[in-house]
Amino acid sequence: MSTIALQTLPGGRDAAKRLAGRLGLSCSEIAVHRFPDGELRIAVAPAADTTLLYAPLDQPNDKLIALLFAAEALRRGGAKRLVLVAPYLSYMRQDAAFHAGEAISQRAMGDLLARTVDRIVTVDAHLHRTPDIRSVFPGIEAENLSAMPAIASALATGGIDPTTVVIGPDMESEPWVNDIARRLRLQHTVAKKTRHGDRSVSIGFADPGLLSGRPALLVDDIVSSGTTLIAAAKALTTMGASTVDAVVTHALFPPAMIPAFTEAGIRSIRSTDSVPHPTNAIALDASLAAALRSELPTTQLPETIP
Ligand SMILES: O=P(O)(O)OC[C@H]1O[C@H](OP(=O)(O)OP(=O)(O)O)[C@H](O)[C@@H]1O
């Protein structure tokens, strides 16, 4: 009988355990030792025929090396199929050479990972101008799940003012903002964002009257420097929003920034557990488990997977 197990890179343990539990699998943590010169030594648990490699790839440079080494050890140890579960997939934002000589990091990552694993499952990868994730990972299976069902369900459970307007900070956010608004039967709108630099954006709304006296719920895929969220919150406050809350898929910002969001008028900020963070409030294990169920041998299907 073929075997299946989950192994996680350090940093993903809690979310990986939730996912493994939901799938009825064992979960072991890959050991990463850093030598004095900065090089890494990786030690994996015994490979299963199908090994799910759980890796939240925020702060990715070291983690990518650990992932490559883990894949090498697992293949050599007998793994026939490696499935990368990367709830946050980094280096997707640079999808073109915007200036002469720039590397297209999305393409380099895609080529590298496609040579390393057999399947990739991720969530809300930043593929604004790349509609099909399979074009990024040539020759392997790849799925880009949406966090919006999990986010909408969490918002519905917590209760939400029916006059709330769901806000996207830029045109590219329209599909997910629309999705949340449809699921919660709320109005939505998206701003026009102009990015001037890593930490400089300007935000404008076509209908400034819409928010007057109403709660605003900002929804975005990534918060990195926080510049977008802060600029959007300030604009919403100026437009007369009664409250501003935010919910994001990938919280990449340093936790020490949370007071800056409060200062900008954001009452609460919640994130999914794609990356471990103090703002984590929405678990992705149900969505990931549903996508990974196909990996389970029929004899090992747990009774309850959503
Ligand atoms: O917290 P921040 O540092 O502001 O970064 C987060 C923002 O950046 C991304 O969009 P981006 O402006 O890169 O848009 P694009 O990829 O569509 O050009 C993302 O969708 C967020 O809106």
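Numbering of ligands and ligand atoms starts at 1, following listing order. Only a predicted model underlies this, so the values are computations on that prediction, with no experimental measurement involved. All heavy atoms count here, side chains included; hydrogens, waters and symmetry mates do not.
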Inset, instruction - Go through D221 and T249 one step at a time and tell me if the side chain to side chain donor-acceptor pair (under 3.5 Å) criterion holds. - result: CA-CA 5 Å; D221 61 341; T249 306; over 6 Å; no
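Ring planes of H33 and F35: perpendicular class, angle over 60° (limits at 30 and 60°).
The nearest protein atom to atom 3 (O) of ligand 1, hydrogens excluded, is given as S225 OG, 2.5 Å; this is a heavy-atom distance. Annotation: atom 8 (O) of ligand 1 to nearest protein heavy atom, R93 NH2, 2.8 Å. What sits closest to atom 19 (C) of ligand 1 on the protein, heavy atoms only, is D221 OD1, 3.3 Å. Counting protein heavy atoms only, atom 6 (C) of ligand 1 is closest to I222 O, 3.2 Å. Of the protein's non-hydrogen atoms, the one nearest atom 17 (O) of ligand 1 is H128 ND1, 3.0 Å. Remark: minimum distance from atom 12 (O) of ligand 1 to any protein heavy atom is reached at R195 NE, 2.7 Å. Atom 16 (O) of ligand 1 has as its closest protein heavy atom H126 NE2, 2.6 Å. The protein heavy-atom contact nearest to atom 10 (O) of ligand 1 is K193 NZ, 3.4 Å.
Close contacts of ligand 1 with V223, meaning ligand atoms under 4.0 Å from a residue heavy atom, involve 1 (O).
Residue G226 has at least one nitrogen or oxygen atom sitting less than 3.5 Å from a nitrogen or oxygen atom of ligand 1, judged on distance alone.
By the criterion of a heavy-atom distance under 4.0 Å, the side chain of D220, and not its backbone, is placed next to ligand 1. When heavy-atom distances to ligand 1 are checked against a 4.0 Å cut-off, D170 comes that close only through its side chain, counted from C-beta outward.
Proximity of a side-chain donor or acceptor of S212 to a complementary backbone N or O of G209 within less than 3.5 Å is not detected. A distance-only check finds a donor-acceptor pair linking the side chain of S271 to the backbone of N280 [under 3.5 Å]. Within the 3.5 Å criterion, the main-chain N or O of L252 finds no donor-acceptor partner in the side chain of H250.
Between W176 and H128, the gap from one ring centroid to the other is short of 6.0 Å.
Ligand 1 is never approached by R199 to a heavy-atom distance shorter than 4.0 Å.
Rounding to the nearest 0.5 angstrom, the gap separating the CG atom in D37 from the CG atom in L40 is 9.5 Å. To the nearest 0.5 angstrom, I133 atom CD1 is 9.0 Å from Q106 atom CD.
Cluster annotation: L89 is connected to V136 through the hydrophobic network of ILVMFWY side chains, with a link wherever side-chain heavy atoms come within less than 4.5 Å.
Relative to atom 18 (O) of ligand 1, the option among E172, H250, R129, M257 with the closest non-hydrogen atom is R129.
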